[in-house]
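One structure is given here, and the rest of the page talks about it.
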Amino acid sequence: MAMLRGRGYASVNYPTGMNLGGDPSQALIHATTTGTFVISLSSVDLGQGIKTITAQCAAETLGLPIENVLVDTADTDTGPHCMGTFASRGTHRVGNAVIMAAAEARGVMLEVAAEELEVDAGDLETDGTGYIRLKGSKEKSIHITDLALAAHFKHGRTISGRGIFLKEPSAPVPETGEMDPDSCQAHACTAAVVEVDDETGVVEVLELYNAYEIGRALNPAMATQQVEGGAWMGLSHALFETVEPYYPSRDHGPRDFGEYLMPGPADIPVQHSLILERPAASGPYGAKGIGEMTANAPIPAIANAIFDACGVRLEAMPFTPERVLRGLDALRADTATQDAGPA
Amino acid sequence: MTYRLAAIDKSSFAAEREDDFTVIGSVVRRSDALGHVTGRTEFFEDVAPPGLAHLKMHRSARHHARIAGVDLTEALAVPGVLKILTHADIPNNLYTPLKLIGVGPDDEPILAVDKVRYLGEPICAVVAVTEAAALEGAARVKVTYEDLPAVFDVEEALAEGAPLVNEYHGQNHFIYEGHHCRRIRFGDVEKAFAEADHVFEWRYQSAPIEQAPVETTGCVVIPQADGRLRIHSDTQACFFTLDNTALILETPFNKLRIVGGTVGGGFGGKVDVVVEPVACVAAMMTDRPVKFVYNRYEEMQVSSPRAAERIYIKDAVMDDGRIIGRKVTLYVDSGAYARHTPYGTTKAAAHLPGPYSIPNVWADCHCVFTNRTPSSAMRGFGVTIGDFALESQMDRIARALDMDPLRLRLLNAYRDGDLKAHRKVAEGTALVEVIQKAAEMSGHELPEAYRRMSSLTREGL
């Protein structure tokens, strides 16, 4: 009996946005009297961070500190339409809508600043500190709070903007499947190192090497969380999870987390992650959607590593100890038959 | 603040990037982090209006059966039970998931009418003043069944003489514009098989997987003074939920208001609109706020999982590792109803043949009905299981040819300008580079010619 070590690889791509498009999202933005910008959405934060990412997109476009941005979501009485949080679409669709809205608001902001400073709006710049200033000038500047007050009470201007993103719907040709399904594709390659216990059939994932090309990591810590958290889910899919363990039989279905097993802290491998950035023309600051794909490459990488370790090719998920042991038994039976020679 | 941070490679596409940003590309703390760790974040269940009633379902105990009778006498006698809803109480008793974008047919009752098509299908909804009374009432509903033959295997379901799962469709598969499946036809795979040095064919299978959010699916519906309904929900899509609920209630859309946006995990499990419509009917009929939230058992066995898939892949491969043809037959187990699985099956077809440039591709992707819990959206919908099959296939081809598995992939990887099987020209590709980087990170040596390959050129091919 032995612990057998193996290594496996998988490389994948993943589409951004609802398949075939036709999934709009909108954003509205307005400044309060003191220069806080409120983004109104109906988008849902599942914990993935859409509120944080949209605030970053708005702050970057406005040229203001992120502390000047609030996100108000998701109430259908106050927020404009969003198709929903799924299909790796939130960052791409809502991010683009917010950038469009913020760009319109920025235009008004610069117009009012130009009037206040008595200069041309085209000669103004922002640097992310909260000031709008004449390019190259230290003295000729105005803080966003003073500017917003002036816009409201002196100029009667609303510093606001509207944004929408829509990838126009594509209809597949039924005969050939010709279609335009996606806005862009993100990419990943995972190498998995596993150890298989040939006595118990238990597979332990020791290390995962993840290289992801995601257009642009708008928030590198949150992108890392997606990559490494998704790898955990992939590992869980690979080794543990199903609600029908003897599919297609419906028997022995788990009813709670005592029966539906998932990896605990001790099952988490060492992860080495690298992010590549090839900005997407359609993406908000080049970003592609990576919300879903991060669970995908680890599954076949682990399957291939198990084969590398012990010679068992698992064609059915999940790769439970029972399936590994049955595979090992079948290999031994084959070897025994070969050793015995032709009957 | 400490956090995990992956290294960012800025060399691979240096000519295409700009770095003149103040906030983009910076680590900003997640806006919900403090609330989540301190417990101050408010989820829909934190709404506790006075007079809140609770809804619990009585569910099918059979896989496939005609309902001979429903006896509510004992259930109605349970102290605290206010009302028991049946199909007759639902104004439009058919889910309408894709109605607004013109995809049909609507095929799933909100509450079962004359038959049940899967174990756990809702039959009647018990509304009571306490959760315990609602559970007790649901347990005391008596349904008598006449069992029907059930089918659980996707290929058996498509065979002649199989029991019909869903009369709204009339056959055990979804119809795509007159075709029995979603098709990809690109080049000539049969010619490729005839010309190939090797033909490899293998089969892959997955089983249903639970989204497993910490917070289960649910809502609290509160009747408002102006006659509207305010719905606090953990839906992943507020307006989608609003529109579908209004279609089922047959009310004006603006009678409803969804308040949500802070959700304890979704992973696709909160895209079906399954709790809000019946909770709204209950709130209107009892004139009380009503809460309907799945317990963990319902989340795991009744709420729609990731579909099981069966995938056959047959490849035409040359001695040097070039894949010149790929034929894929995919069966997606939709369960008893369509929900979003016809969409997921088309997405699966669009993903084929994987991130490789293969000149001849043929795919038949079937969305199949069986007598199990309907499947629907889950993270990686239509792609995750396909990737398991495709990348296992790549590994097996490499081993059969005694080739380095990463060199096989680099040789076949799609590059800018390649025409995909769905006839879109590839752009912004980077498969070559992520493979090269993963090799470098994990100490897998590649020859110079493979290290020099690029998504931008055809060098080395």
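Order of the sequence lines fixes the chain letters, A, B, ..., with proteins taken first and strands second; residue numbering starts at 1 for each chain. Just so we're clear, the structure is a prediction, and the values are computed from it rather than from any experiment.
Of the two parts of A:Q271, the backbone and the side chain both hold a non-hydrogen atom closer than 4.5 Å to a non-hydrogen atom of chain B. When heavy atoms are compared at a cutoff of 4.5 Å, A:R216 approaches chain B solely by way of its side chain, counted from C-beta outward. Of the two parts of A:Y285, only the side chain, counted from C-beta on, holds a non-hydrogen atom closer than 4.5 Å to a non-hydrogen atom of chain B. Only the side chain of A:L20 comes within contact range of chain B, judged by heavy atoms closer than 4.5 Å. Heavy atoms closer than 4.5 Å to chain B are found nowhere in A:Y246, neither backbone nor side chain. In this structure, the portions of A:T85 lying under 4.5 Å from any heavy atom of chain B include both its backbone and its side chain. Proximity to chain A (any heavy atom under 4.5 Å) is shown, for B:P208, by both the backbone and the side chain. Looking at A:F319, the atoms closer than 4.5 Å to chain B (heavy atoms on both sides) all sit in the side chain, from C-beta outward. With a 4.5 angstrom heavy-atom cutoff, A:C184 does not touch chain B via any of its atoms.
In this structure, B:H63 and B:F152 have perpendicular ring planes: the angle between them is above 60°, well past the 30° mark.
Note: A:V12 leads A:I299, A:L314, A:V12 in heavy-atom pairs under 4.5 Å with chain B.
Because its NZ or CZ atom is both nearer than 6.0 Å to the ring centre of A:F86 and within 45° of the ring axis, A:R89 counts as a cation-pi partner of that residue.
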